[in-house]
Amino acid sequence: MSDTSRAPYDPSAHEAHWQSAWEAAGSFVADESDTSRPKYYVLEMFPYPSGRIHMGHVRNYAMGDVVARFKKAQGHNVLHPMGWDAFGMPAENAAMEKNTHPAKWTYENIDTMRGQLKKLGLSIDWGREFATCDPSYYGHEQAMFLDFVEAGLVDRRESIVNWDPVDQTVLANEQVIDGKGWRSGAPVEQKNLTQWFLRISDYAEELLGALDGLDRWPEKVRLMQANWIGRSEGLACRFDLTRPVYDFDALEVYTTRPDTLYGASFCAISPDHPLAIRLAEDHPALAAFRADCAKRGTSEADIEAGEKLGFDTGLSVHHPLDKDWHLPVYVANFVLMGYGTGAIFACPAHDQRDLDFALKYALPVKTVVRPKDTADFNVTDTAYTGDGVMVNSPTLDGLTPKAARAKMIDRFEAEGRGQKRVNFRLRDWGISRQRYWGCPIPIILCDACGAVPVPRDQLPVMLPDDVSFERPGNPLAHHPTWKHTKCPTCGGDATRETDTFDTFIDSSWYFARFAGLNESAPTDRAAVDYWLPVDQYIGGIEHAILHLLYARFYTRAMHKTDHLSVEEPFAGLFTQGMVCHETYRHAGGWLSPDEIIRNTDGAVLAANGTSPVEVGAVEKMSKSKKNIVDPDDIIARYGADTARWFMLSDSPPERDVQWTQDGIEGAWRFVQKVWRLFDGRDDEAFVDRLDAPDDDGARALYGQVQTAIDAVTRDLEALGFNRAVARLYELVNALGAFKPVDRAGAQCRAYALAQLMKLLSPMMPHLAEAGWRALGGDGLVADAAWPQADLSILSSDEVILPVQVNGKKRGEISVPKDADEAIIKELALNEAGVKKFIDGQELKKTIIVPGRIVNLVVK
RNA sequence: GCCCUUGUGGCGGAAUUGGUAGACGCGACGGAUUCAAAAUCCGUUUCCUUCACGGGAGUGGCGGUUCGAGUCCGCCCAAGGGCACCA
């Protein structure tokens with residue numbers, strides 16, 4: 001063995017080399033015409049081109065890359081594409097702040113970020129890259145929208161939006177801060193605009209029911225979607241007004257608790273209910289109340305947790321089951337117009353919101369459900385919402401609430417005074433955005449003909465380049481010529497729709513476009529039929545509801561319009577956690593990690609001075625807190641493999657991970673440790689297959705290799721990257737400790753190293769290639785097959801069984817694998833440590849779990 | 001307010017799903033190597049008790065089921081997430 005200690009591993013000398021080698025070999029080019037292998041589609045949520053990649057991207061794409069490389073090694077035909085979710089507000093904000101064009105800003109960012117991603121060594125088929133702001137993408141999106149219009153999937157109607165009167169723009173909820181526009185500071189108005197909607201609510205039942213089939217989705221995401229869809233069953237019925245006002249003679253009420261009708265106390269309508277609006281015209285006090293409600297938050301959390309406020313209209317309604325029972329009608333801030341009918345009857349005893357309201361306005365509280373096994377029960381300050389027995393309710397007493405609900409619905413239906421109704425919380429998807437940097441809605445508005453689709457041969461409707469962001473409002477609407485056109489139907493003067501699509505539309509079908517870049521249609525049918533559904537989709541939990549639900553709906557819409565044949569886009573979903581970092585703060589504000597110094601005594605100081613720094617909470621990396629580590633800096637210093645390895649180690653992938661300097665240094669040391677395994681072993685030939693050696697030491701190493709292959713395979717199968725990392729540490733430690741004493745030992749070591757490189761390759765692809773080359777392996781390890789574990793060697797003839805006395809471990813015995821229970825019992829009773837604890841006591845029971853454990857129960 | 005998730009050493013976390021709690025990594029401590037340092041290598045490291053052998057306790061808290069509970073059940077506490085135009 002020659003003494004050929006190598007230089008430390010220098011990633012910059014290797015990584016670019018292997019990246020070009022993969023590219024030259026076409027290792028990651030997906031080929032849908034290859035039917036010899038099962039397909040596997042791995043997709044990570046494509047990034048918004050915000051400027052530079054961040055550690056969250058590194059983590060997300062490292063995980064996806066491990067899956068892609070692992071599946072390829074296992075013999076799958078893998079599709080692993082990448083593109084850009086390139087439309088959206090940040091580009092317009094940049095245009096306003098930096099006086100640059102959104103397209104220029106976006107495409108420059110894409111160039112930067114593509115370069116950064118390539119440096120990570122991801123196994124991506126870059127030949128399929130596109131950005132959603134490419135006309136070649138959004139043109140197809142427009143065509144598909146027209147298909148949706150023809151298929152009856154689209155509506156145009158009025159809807160209320162948050163309107164910033166100064167910026168002349170619609171605001172997202174998150175842009176409304178304390179009722180004011182985030183940029184202008186002007187009080188936000190509620191404005192009615194005519195907008196386009198996709199009829200996702202038609203699919204509510206279907207989208208809910210199909211969740212059950214998504215068995216490779218996190219339970220949490222399925223639950224969030226189910227709650228979002230919010231299916232409920234209830235009764236829709238009329239409460240007649242005791243005296244009609246204007247043209248209202250009744251309230252249409254929806255309730256999920258018809259069983260509690262005899263506990264009714266009052267009725268309440270939403271501040272946005274037509275009756276409330278009409279009444280407010282004649283009653284200034286009510287108008288003021290409505291204005292007050294509009295200023296408060298509209299989110300469910302705001303409403304539920306906030307103070308319940310009401311306005312007594314002075315009107316009353318007949319109780320539907322008792323003409324002489326009159327209930328007062330309030331306008332109440334906790335009743336939502338967008339849900340049900342915007343009018344409720346309230347049973348305070350069995351709904352906390354109603355109870356809060358009733359106590360505040362001194363309205364009656366009548367208990368109609370009592371818990372089982374309680375005789376005397378009356379609600380005072382906590383509503384009772386549990387199961388139980390009906391009381392104080394003629395015809396219902398003694399029934400369960402569930403049975404009472406059914407009985408009431410039957411009765412109302414039989415008497416023709418109401419119907420059972422299934423209601424959903426899910427509302428139609430408003431897709432109009434009054435913004436420039438999005439896909440233009442391909443519609444022409446004509447005074448004579450209404451909304452007319454742009455003729456197909458005029459697609460795509462391109463965004464104009466020459467726009468100005470100096471005036472507030474939508475640049476498309478201000479453009480001197482863009483919107484003026486002729487009506488395709490009547491030929492008269494008409495204007496284009498100046499709204500653009502919600503960018504969630506762009507991300508609702510990009511996975512289908514990746515399957516094949518068809519120039520003449522949105523999808524390449526053969527390609528989408530082959531590749532879809534996505535086998536493993538990976539992204540942030542923040543997309544649990546909207547993006548994933550919209551994509552599920554959109555896939556169904558594409559199915560209906562014959563653009564693809566699946567209904568569910570993502571067969572497997574994984575949501576990874578965030579990358580967090582400590583925060584640092586001193587007198588001058590937040591400091592970034594490279595602006596601080598840690599003294600040997602642990603004190604933290606600002607780098608350019610001695611001012612003490614307060615170490616704050618570990619939080620998601622964000623620009624505002626400056627707790628960011630730039631992937632480029634890390635790659636330059638440690639290389640992509642080290643960065644990837646650290647992002648995969650330590651924390652379970654679904655949980656948040658904390659970035660630490662110690663952690664990245666640990667990963668770096670591991671890289672070097674693996675590289676040192678190759679020191680002084682350049683004489684031995686490449687060994688990829690080996691029978692179990694006879695020599696004890698080599699045999700043990702061989703066994704450890706098999707254990708590692710088996711464990712890493714199962715860990716990667718289950719996306720347990722952190723566990724796979726731990727297994728590889730063990731194998732490397734074993735290899736480091738192994739000193740071959742003869743030729744057979746050296747061969748076993750060469751064999752172990754080759755298997756290690758294959759196991760390491762999905763996570764540290766560059767180092768694995770360098771090691772594979774050092775071993776003299778054929779071709780690229782990226783193209784090598786995944787190893788198969790030979791587990792037969794691990795089954796030894798003797799097993800070690802722990803022995804418990806009364807459930808506490810007191811010793812161990814080594815027994816033949818197929819020993820019968822009498823022998824095991826005999827050995828266990830005589831084990832020295834065990835004996836002490838059973839001496840002089842009566843053995844009451846012996847539990848022997850074969851191959852697992854022995855438990856002796858004494859008295 | 002409603003719905004959900006998570007609580008294991010100094011830290012990140014393992015634990016074949018009811019069977020030896022603390023794998024693996026980080027940190028810390030001790031040692032080897034070195035003129036010295038870095039790097040590397042070898043140990044120790046849940047807590048309490050004991051000179052030691054050993055013993056006791058222990059997976060947020062309190063109960064329960066079981067021969068056996070981190071794992072299952074009930075109640076409680078704490079932290080985090082979601083609850084309709086950010087992507």
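If you're wondering where the values come from, they're calculated on a predicted model, not measured in any experiment. Lettering of chains follows the sequences in order, A, B, ..., and the numbering in each one begins at 1.
Residue contacts shown for A:Q434 are absent, as no nucleic acid heavy atom lies under 4.0 Å away. Within 4.0 Å (heavy atoms only), A:I431 reaches no atom of the nucleic acid at all. Backbone-only engagement by A:F837 is indicated by non-hydrogen atom pairs under 4.0 Å involving sugar-phosphate atoms exclusively. When heavy atoms are screened at a 4.0 angstrom cut-off, A:F504 is found touching base atoms of the nucleic acid. Contact annotation for A:V849: base contact, defined as any heavy-atom pair under 4.0 Å involving a base atom. Looking at heavy-atom distances under 4.0 Å, A:E542 makes contact with a base.
Side-chain nitrogen and oxygen atoms of A:R810 include at least one within less than 4.0 Å of the OP1 or OP2 phosphate oxygen of B:rG56. Taking 4.0 angstrom as the limit, A:S649 places none of its side-chain polar atoms (N or O) nearer than this to OP1 or OP2 of B:rG25.
You'll find a donor-acceptor pair under 3.5 Å spanning the side chain of A:R852 and the base of B:rU16, going by distance alone. Contact annotation: side chain of A:D662 to base of B:rC26, donor-acceptor pair absent below 3.5 Å.
Taking only side-chain atoms of A:A726, from C-beta outward, the nucleotide of B:rG27, B:rA87, B:rA23 with the closest atom is B:rA23. In the set B:rC3, B:rC83, B:rA14, the nucleotide with an atom closest to the side chain of A:W228 is B:rC83. Of the candidates B:rU6, B:rU40, B:rG19, B:rU40 carries the atom nearest the A:R669 side chain, counting heavy atoms from C-beta on.
Because its glycosidic torsion is within 90° of 0, B:rG9 is reported here as syn.
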